[in-house]
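The structure appears right after this line, and notes come after that.
If you're wondering where the values come from, they're calculated on a predicted model, not measured in any experiment. Every chain is numbered from 1 and lettered A, B, ... according to where its sequence line falls, protein lines coming before strand lines.
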Amino acid sequence: MQAVEKTGRTVEEAVELGLSELGVAREEAEIEVIEQPSKGLLGLLGSRPAKVRITVKNSPSRRAREFLNSILKALNLTANMVITEKDQTISVDLEGEKLGILIGRRGETLDALQYLMNLSVNKNQENRKKLVLDIEGYRQRREETLKKLAHKLADKARQRGRSVVLEPMNSLERRIIHTALQGNEDITTFSEGEEPYRKIIITPKR
Amino acid sequence: MKELVEILAKALVDNPDRVRVNMIEKDKSCIIELRVDPEDMGKVIGKQGRIARAIRTVVKAAATKSNKKVVVEII
């Protein structure tokens with residue numbers, strides 16, 4: 001396991017130095033204070049710097065970061081990575097230039113990458129985490145687009161009094177649409193067909 | 001591209017040192033051959049080839065930059 005020992009005027013300074021050398025975020029490291037700083041006499045005599053030991057934890061978020069970093073490197077891409085952990089879900093957000101190729105058509109590449117990242121990070125682990133990958137806020141934007149689309153097509157179904165068939169979508173996207181239209185009394189939604197061509201149908205109730 | 005397949009495969013298998021990747025380049029296409037330990041075959045193919053499909057999707061995305069058609073074969 002990677003570890004460094006650092007000194008600094010304050011504990012904070014030493015920690016910062018160590019984290020930047022290891023290239024990890026604070027949540028991914030174990031910090032141990034070896035020596036508290038002391039000012040010494042009149043700030044001159046016998047002053048002692050702070051000393052800390054920083055160890056990189058082999059956490060799922062650490063593995064996720066390493067997995068994505070190696071892929072970005074192989075593709076000659078650079079990105080800013082923000083990882084947030086909440087309960088059993090780890091969200092990874094990438095921001096940077098030219099990351100569009102990692103999103104792909106309708107998020108196809110993004111989903112593939114997310115799937116592979118889940119497999120890799122949870123490999124041989126008892127406690128499985130759910131990893132969600134987003135690039136440049138794509139998922140958020142896509143969700144909004146789908147909600148708008150859902151309402152628009154629901155109106156169309158009402159006006160025409162006929163069913164409207166949507167294009168094939170994956171389960172996550174279908175869920176967004178079902179949820180968006182759930183509260184409507186005059187229409188129903190259901191899915192039809194086999195993966196990966198399963199699609200939603202919006203029908204007016206009569 | 002070859003490196004990418006290697007990284008992905010090694011991240012998925014139990015025996016990363018048994019991963020072998022070979023690239024055959026042609027004019028407008030290239031074939032990437034992936035070999036893994038027989039025990040790890042399932043880890044790069046997956047149910048209904050789902051993992052293999054995901055690997056191909058990512059590699060295809062990477063290949064758009066080079067304007068080449070890339071075929072990933074698992075042997």
key: Proximity of residues 82-94 of chain A to chain B, residues having a non-hydrogen atom under 4.5 angstrom   = none

[atom1]/[X]: more than 12 non-hydrogen atoms of other groups inside 6.0 Å:
{"X": "A:R162", "atom1": "CZ", "result": "no"}
{"X": "A:K51", "atom1": "NZ", "result": "no"}
{"X": "A:E194", "atom1": "CD", "result": "no"}
{"X": "A:K205", "atom1": "NZ", "result": "yes"}

key: Side chain proximity check, B:L8 to A:F67, heavy atoms < 4.5 angstrom   = yes

Looking at every heavy atom in both [X] and [Y], which two are closest together, and how far apart are they?
{"X": "B:A11", "Y": "A:S120", "answer": "O-OG, 3.2 Å"}
{"X": "B:A54", "Y": "A:A112", "answer": "O-CB, 3.6 Å"}
{"X": "B:L12", "Y": "A:K123", "answer": "O-CD, 3.3 Å"}

task = Answer yes or no: is there a donor N or O on one side and an acceptor on the other, between the side chain of A:T109 and the main chain of B:A61, under 3.5 Å?
result = no

ask   = In Å and rounded to the nearest 0.5 Å, what is the CD to OG distance from B:E3 to A:S70?
value = 8.5 Å

message = Could you measure the distance from the CD1 atom of B:I55 to the CG atom of A:L113? Nearest 0.5 Å is fine.
response = 11.5 Å

note = Under a 4.5 Å heavy-atom criterion, the part of residues 17-51 of chain B in contact with chain A comprises B:K43, B:R50, B:I51

message = Under 4.5 Å from any heavy atom of chain B, what part of A:N124 do you find: side chain, backbone, both or neither?
response = side chain

